[in-house]
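Presented below is the structure to which this report refers.
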Amino acid sequence: MEVDLDSTLGCGQAHRWIRRDGSWEGVLGDSVVTLTQTADGFECEGCSEDRILSYMRADDDLDTIYWECAEADPLVARLIDGCWGLRILRQDHWECIATYMLAVNANVKRIGAMVESVCREFGDDLGGRHSFPTPEQIVAGKDRICVCKLGYRQDRFVRFAQAVADGSFDPDALEGMGYEGCVAELQSIEGIGPKVADCIALFSYGHLDAFPIDARIGHVLKEHYGIEGSYRRLSEFARSRFGRYCGYSQEFLYHSESILGSQVQAGGLQPNSTS
DNA sequence: CATCAACCTGATCA
DNA sequence: ATGATCAGGTTGA
């Protein structure tokens, strides 16, 4: 299967992958998984092939998706070469919601610190790494939550774990819903607004037509498309402009600064007028 | 419907 | 070294 591990696991969509010794180490369920890039795909150690292929959304045909993204927008078309092999992942629902609830108002580095802290404190020791805790594990140890330095996210994080543990919120119930219904349900959770809901819809529920707009994407939209304003306004613009696979386009745009920068350095392109 | 302060931590700036 | 400032989404006024 076609994949570039560096861009897929390092792009910020998942927070528990660590690059070490030329491979990527992460945790899926109760398994420590090691992935190594090869010429025609990757090698996987630590979990079943079915599991990793599902996680990697092996059914996504990158040629088709990238081509549609490129056709919808010339800037996206230019960016694709710089992240060829990037795949949107299919992450566990509970883990993804809980993680992105922590991601609110935090940068990538801090998100990783909070998530690892939660895993270390509540998850099972897998020998070096820890599993992402179940809702029940968090509820059982909630008195220790303060050591994880979640700030004002802490109480709502515990409340959400309680809601999942007692069955009043069922992440699996959002399976099969359309994009609009899925994000509406997610936004009914305290601490989850439109941006985080879009991230979860994209990275866990497979809504490739979700387009999360964070500060960085907002900047890109302003610089390259001259548009700014409310989340609603930007979202409607992006989803109609970039098409049904706009979640992929969002990833390309997210890294546009570094991609265009390296292309300019390589002499491949002129600097654009907005830079 | 738009604006805005408050929320918490860590990084960066004087 | 210490304090000020800022970045990062969501909520509710």
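Chain A is the first sequence line, chain B the second, and so forth, proteins listed ahead of strands; every chain is numbered from 1.
Separating the CG atom of A:Leu186 from the C1' atom of C:dG9 is a distance of 15 Å, rounded to the nearest angstrom. For A:Met114 and B:dG10, the CE to C1' distance is 10 Å, given to the nearest whole Å. The distance between atom CD1 of A:Ile111 and atom P of B:dA11, rounded to the nearest whole Å, is 13 Å. Between the CG atom of A:Leu102 and the C1' atom of C:dG8 there is a distance of 14 Å, given to the nearest Å. For A:Tyr152 and C:dG9, the OH to P distance is 10 Å, given to the nearest whole Å. One can place NZ of A:Lys109 at 21 Å from P of C:dC6, the figure rounded to the nearest angstrom. Atom pair A:Arg153:CZ and B:dA6:C1' shows a separation of 13 Å (rounding to whole Å applied). Across the protein-nucleic acid pair, A:Met101 atom CE and C:dT10 atom C1' stand 11 Å apart, rounded to whole Å.
Between A:Glu116 and A:Arg129 there is a salt bridge, with a side-chain nitrogen of the basic residue lying less than 4.0 Å from a carboxylate oxygen of the acidic one. Salt-bridge annotation for A:Glu121 and A:Lys149: absent, with no side-chain N of the basic residue lying under 4.0 Å from a carboxylate O of the acidic one.
Ring geometry for A:His207 versus A:Tyr179: interplanar angle over 60°, hence perpendicular rather than tilted (30 to 60°).
Two rings, from A:Trp94 and A:Phe160, have their centers less than 6.0 Å apart.
Heavy-atom nearest nucleotides on DNA chain C were determined for A:Asn105 and for A:Glu190, and the one closer to the 5' end corresponds to A:Asn105. Nearer to the 5' terminus of DNA chain C, by closest-nucleotide assignment, is the contact made by A:Ala106 (compared with the other of A:Gly191 and A:Ala106).
With a 6.0 Å radius and a threshold of 12 heavy atoms from other residues, nucleotides or ligands, A:Asp172 has its CG atom above the threshold.
Closest to the side chain of A:Arg110, from the set B:dT9, B:dA2, C:dT10, is B:dT9.
Here A:Ile192 lies in heavy-atom contact (under 4.0 Å) with sugar-phosphate atoms only. If you check every strand for non-hydrogen atoms under 4.0 Å, A:Ile189 touches sugar and phosphate atoms only.
Distances shorter than 4.0 Å separate some side-chain N or O of A:Lys149 from OP1 or OP2 on B:dG10.
In this structure C:dT5 sits in a base pair with B:dA11, meeting the Watson-Crick or G-U test at under 3.5 Å.
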